[in-house]
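None of the values given here were measured: they were computed from a predicted structure.
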Amino acid sequence: MANFSKPRVPRFSAEVYQNTHLPEGGREVNAIVTVTATGGGTTGETPVPAFASSSPSSSGSFPAAAPDAAVVIMVDSSGSMEYPPTKMRNARDATAAAIDTLRDGVAFAVVSGTHQAKEIYPGGGRLAVADATTRGQAKEALRKINASGGTAIGTWLRLADKLLASSDAAIRHGILLTDGRNEHEGPKELLTTLEACAGRFTCDARGVGTDWEVKEVTGIASALLGTADIVADPAGLAADFTGMMESVMGKEIADVSLRLWTPLGAEVRFVKQVAPTVEDLTGRRTEAGPRAGDYPTGSWGDESRDYHVCVRVPNAEVGQEMLAARVSLVLPAPDGSPPQVLAQGLVRAVWTDDLAASTSINAQVAHYTGQAELARVIQQGLELRKSGDLDGATAKLGRAVQLASRSGNDDTAKLLAKVVDVVDAAAGTVRLKAKVSAEAQMTLETRSTKTVRVKK
């Protein structure tokens with residue numbers, strides 16, 4: 001059933017976790033910034049007026065607005081979707097379930113994707129406005145989708161971009177389902193499309209079955225700041241689509257950026273989202289004034305995310321202290337005026353000759369450094385296994401088992417156990433399984449970037 005209530009806009013807060021102490025000659029400062037958005041939901045109440053503070057942990061909120069979202073659902077209808085026939089049927093049912101989850105007033109469209117993109121509903125290069133009538137019409141139109149043709153995902157995304165651009169909705173989102181490889185389009189064409197769409201809308205991508213390319217699906221989600229996952233059994237599509245649409249309907253603010261200001265002489269080494277998934281944002285920086293840069297975070301509802309910030313600072317004498325970075329959550333103003341600061345945190349550096357203080361690694365920093373390595377070695381191990389380097393694959397996946405065990409990432413540990421036989425998890429001693437299903441390998445690769453938080 002659709003949710004007809006008015007959402008609230010969340011209140012943001014930022015908390016910084018770090019060891020501020022550096023040894024004499026030390027220059028690298030690491031911090032985990034936890035950003036939390038709360039107070040959203042569907043109560044229709046108006047939050048308190050916005051404010052910003054220069055304290056190390058601050059928060060702000062702003063007036064609520066009416067529901068403001070536009071969604072395009074892109075359904076693969078290439079010929080392979082008919083094998084088995086239940087796959088196409090389940091895709092139609094899943095799309096219908098997603099349509100039922102649309103909130104009244106949300107703009108939406110359905111696109112059928114083959115080697116070209118076709119508007120299934122409402123047609124005419126426009127978006128429909130969700131209500132009981134249009135939801136019913138859209139579900140009826142799904143009967144027109146028949147499996148035939150090839151796969152050119154870039155054409156689907158370009159049509160979605162065109163449709164979403166026709167709306168002035170703040171939340172613009174795509175849901176994309178594919179069951180095969182992008183065979184009717186070159187990798188450069190898809191990359192060019194993703195670069196053109198980045199920042200214009202977000203997109204969740206799903207692969208159904210086991211004949212699609214993991215890097216294509218995860219690459220789409222990464223470029224468009226969405227989620228990626230595998231639905232190996234088509235019967236699970238309806239529940240997955242409903243969950244995705246519920247998440248979209250819970251988004252209340254878009255285009256939030258993580259702004260990093262650093263002092264003269266400091267250098268940003270990297271900025272990464274590290275929870276709930278690992279996503280390197282370093283290369284997505286856009287300049288935002290003297291010594292400041294913005295990193296996109298996409299759309300937010302009631303949720304919390306963690307970011308790892310690493311800054312190289314100028315050398316200083318023992319006893320000196322400096323502000324290594326100022327981290328802010330900012331929302332651009334539509335009229336070009338200065339952006340609104342939603343939350344702010346400070347990253348500090350203090351030089352000391354106390355060896356114990358300067359060599360202590362903050363628990364949050366250590367944990368997420370391990371989680372980022374976990375994602376990396378899983379992907380490396382699977383690539384080595386595919387290439388036939390079994391010794392290299394064993395070493396990498398053994399390290400992955402060790403990191404998953406150490407960090408308490410039980411979900412990833414269970415996925416690893418379908419690919420390797422674990423002899424000693426703590427030591428990272430494993431044996432590659434002789435036979436591994438495509439589903440097990442693809443699920444591990446697709447979900448390798450999912451992280452767990454530090455156990456309290």
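A salt bridge links E321 with R348: the closest approach of a Lys/Arg side-chain nitrogen to an acidic carboxylate oxygen falls below 4.0 angstrom. Between E195 and K188 there is no salt bridge, since no side-chain nitrogen of the basic residue lies less than 4.0 Å from a carboxylate oxygen of the acidic one. Using a 4.0 Å cut-off between charged nitrogen and carboxylate oxygen, E383 and K215 count as a salt-bridge pair. For D280 and K272, the salt-bridge test fails: no basic side-chain N is under 4.0 Å from an acidic carboxylate O. Between K433 and D421 there is a salt bridge, since a side-chain N of the basic residue sits under 4.0 Å from a carboxylate O of the acidic one.
A donor-acceptor contact under 3.5 angstrom links the side chains of E279 and S222, judged on distance only. With 3.5 Å as the limit, one finds no donor-acceptor pair spanning the side chains of S358 and H21. Looking only at atom types and distance, the side chain of Q371 has a donor-acceptor partner in the side chain of S407 under 3.5 Å away. A donor-acceptor pair shorter than 3.5 Å cannot be found between the side chains of S387 and D389. R453 and S304 form a side-chain donor-acceptor contact under 3.5 Å, judged by distance and modelled atom types alone. For the 3.5 Å distance criterion, the side chains of T277 and Q273 qualify, holding a donor opposite an acceptor. A side-chain N or O of S80 and one of D179 form a donor-acceptor pair less than 3.5 Å apart. Neither side chain, T151 nor N182, offers a donor N or O lying under 3.5 Å from an acceptor on the other. No donor-acceptor contact under 3.5 angstrom links the side chains of Y295 and R284, judged on distance only.
Around atom CD1 of I361, no more than 12 heavy atoms belonging to other residues, nucleotides or ligands sit under 6.0 Å away. Atom NZ of K414 sits in a sparse spot, with 12 or fewer heavy atoms from other residues, nucleotides or ligands closer than 6.0 Å.
In terms of modelled atom types and a separation under 3.5 Å, the side chain of T297 and the main chain of V256 share a donor-acceptor contact. Between the side chain of N19 and the main chain of A357, a donor-acceptor pair closer than 3.5 Å is present. A distance-only check finds no donor-acceptor pair linking the side chain of S167 to the backbone of L164 [under 3.5 Å]. Although no hydrogens or angles enter the test, the distance criterion places no donor-acceptor pair under 3.5 Å between the side chain of R385 and the main chain of L397. Under the 3.5 Å distance criterion, the side-chain polar atoms of E439 are left unmatched by any main-chain donor or acceptor of S437.
Residue pairs meeting the ring pair (Phe, Tyr, Trp, His ring centres under 6.0 Å) criterion with at least one member in residues 205-233, sequence neighbours excluded, do not occur.
To the nearest 0.5 angstrom, L374 atom CG is 9.5 Å from Q379 atom CD.
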Inset, instruction - For salt bridge (charged side-chain N to carboxylate O under 4.0 Å, His left out), just list the numbers for E373 and R399, CA-CA rounded to whole Å, side-chain angles, deciding distance to a tenth of an Å, and then say yes or no. - result: CA-CA 9 Å; E373 184 188 356; R399 175 59 174 163; 2.9 Å; yes
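The nearest pair of heavy atoms linking T101 to M249 is O-CG, 3.6 Å.
Applying the side-chain contact (heavy atoms from CB on, under 4.5 Å) criterion to R206, with sequence neighbours excluded, gives L177, D204, T227, D229, V231, D240, M244.
The closest side-chain heavy-atom distance from V327 to Y307 is not below 4.5 Å.
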